[in-house]
Amino acid sequence: MTAGVHVRQGRASDADAVARLLVRTWRTNYRGLVADGFLDRLSSEEQAARQLRLMTRPGACHRVAVEGRTVLGFACGGPARDPADRWRLELYALYVAPRLQGRGIGRRLLEALWRDLGVQAAEELGVWVLAGNDDARAFYERVGGRPRAAGWLDLGNRRYPQVSYVLDPPGVGSKILAN
Ligand SMILES: CC(C)(COP(=O)(O)OP(=O)(O)OC[C@H]1O[C@@H](n2cnc3c(N)ncnc32)[C@H](O)[C@@H]1OP(=O)(O)O)[C@@H](O)C(=O)NCCC(=O)NCCS
């Protein structure tokens, strides 16, 4: 079913398509978790600028899953954004188009990003997730993530609980496979 999906390096020119994917994914997966007003007001233009800033951070790597020219998934990571987080590397974003979730694309993106980041044996990759995002939490636990800390995420005029996970590099207790 995903045979035609290919994971390649992201490019700055993917930012618009990534932003449209992000808006679609948030509106589908975060409905009920995040205020409707916030989701309805999400703008692809603003998200494109935000994604471009993430993608061009020093040391950041990014991967897209594409079928032909259609972007169906996105992963971006790099040096930790907040020194208070006790990890050196951070997964900034990971999204798969709603209709293709649960078919291994998230795992493929994460594996590819991991290789791009050149993660060494003892290096952990940290990620923050909305506490109520049970599906993403199940995904991170499935790929070997361990809960690390609790915090808050400000979106619009509301504050949401979030939790962090640390993922071990491939081969260190993680279910991520190198290929
Ligand atoms: C979270 C997300 C990136 C995962 O990507 P995905 O392509 O759906 O996940 P995969 O199909 O690669 O799943 C990898 C493994 O996790 C498991 N998994 C994924 N979602 C799961 C769930 N909801 N419950 C239990 N297991 C799950 C899969 O069964 C699979 O296990 P296996 O490889 O041992 O068979 C994707 O669902 C998504 O984009 N969600 C919405 C956006 C989001 O929440 N992103 C994370 C923000 S921090």
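Every number for a ligand or one of its atoms is a count from 1 in the order of the listing.
Distances between N or O atoms of G102 and those of ligand 1 include at least one value under 3.5 Å. In terms of polar-atom proximity, defined here as any N/O pair under 3.5 Å, V96 does make such a contact with ligand 1. At a 3.5 angstrom cut-off on N or O pairs, R142 counts as close to ligand 1. Of the N or O atoms in T25, none lie within a sub-3.5 Å distance of an N or O in ligand 1. At under 3.5 Å, not a single nitrogen or oxygen of V143, backbone or side chain, sits near a nitrogen or oxygen of ligand 1.
With hydrogens and angles disregarded, a donor-acceptor distance shorter than 3.5 Å links the side chain of Q162 to the backbone of W152. Side chain of Q101 to backbone of V96: a donor-acceptor contact under 3.5 angstrom is found.
Close approach of ligand 1 to A138 is summarised as follows: ligand atoms under 4.0 Å from at least one heavy atom of the residue are 22 (C), 24 (N), 25 (C). Interface of Y95 with ligand 1, defined as ligand atoms under 4.0 Å from a residue heavy atom, comprises 39 (O), 42 (C). Of all atoms in ligand 1, numbered sequentially from 1 with element shown, those under 4.0 Å from a heavy atom of W128 are 48 (S). If you number the atoms of ligand 1 from 1 as listed, the ones under 4.0 Å from a heavy atom of Y140 come out as 46 (C), 48 (S). Residue N29 approaches ligand 1 through these ligand atoms, each under 4.0 Å from one of its heavy atoms: 41 (C). Heavy-atom proximity to R103, at under 4.0 Å, picks out these atoms of ligand 1: 11 (O).
Between R148 and E124, at least one side-chain nitrogen of the basic residue sits less than 4.0 Å from a carboxylate oxygen of the acidic one, meeting the salt-bridge criterion. Between D14 and R8, at least one side-chain nitrogen of the basic residue sits less than 4.0 Å from a carboxylate oxygen of the acidic one, meeting the salt-bridge criterion. Ionic pairing of D36 and R27 is not present here: no N-O contact between side-chain nitrogen and carboxylate oxygen is shorter than 4.0 angstrom.
Nearest heavy atom pair, residue C76 against residue L113, reads C-CD2, 3.8 Å. Taking each heavy atom of L33 and N29 in turn, the nearest pair found is CD1-O, 4.0 Å.
Of the candidates F139, Y92, Y30, it is Y30 that places a heavy atom closest to atom 47 (C) of ligand 1. Scanning R108, R107, Q101 for the heavy atom closest to atom 33 (O) of ligand 1 points to R107. Taking all heavy atoms of G106, A97, G104, P98 into account, the minimum distance to atom 7 (O) of ligand 1 is reached by G106.
For the side-chain contact (heavy atoms from CB on, under 4.5 Å) criterion with Y92, the lone passing option out of M55, Q51, R81 is R81.
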Practice item. Any chance you could lay out the side chain to side chain donor-acceptor pair (under 3.5 Å) test for Y95 and W26, step after step, and finish with the verdict? Key: CA-CA 9 Å; Y95 298 103; W26 273 57; 3.0 Å; yes

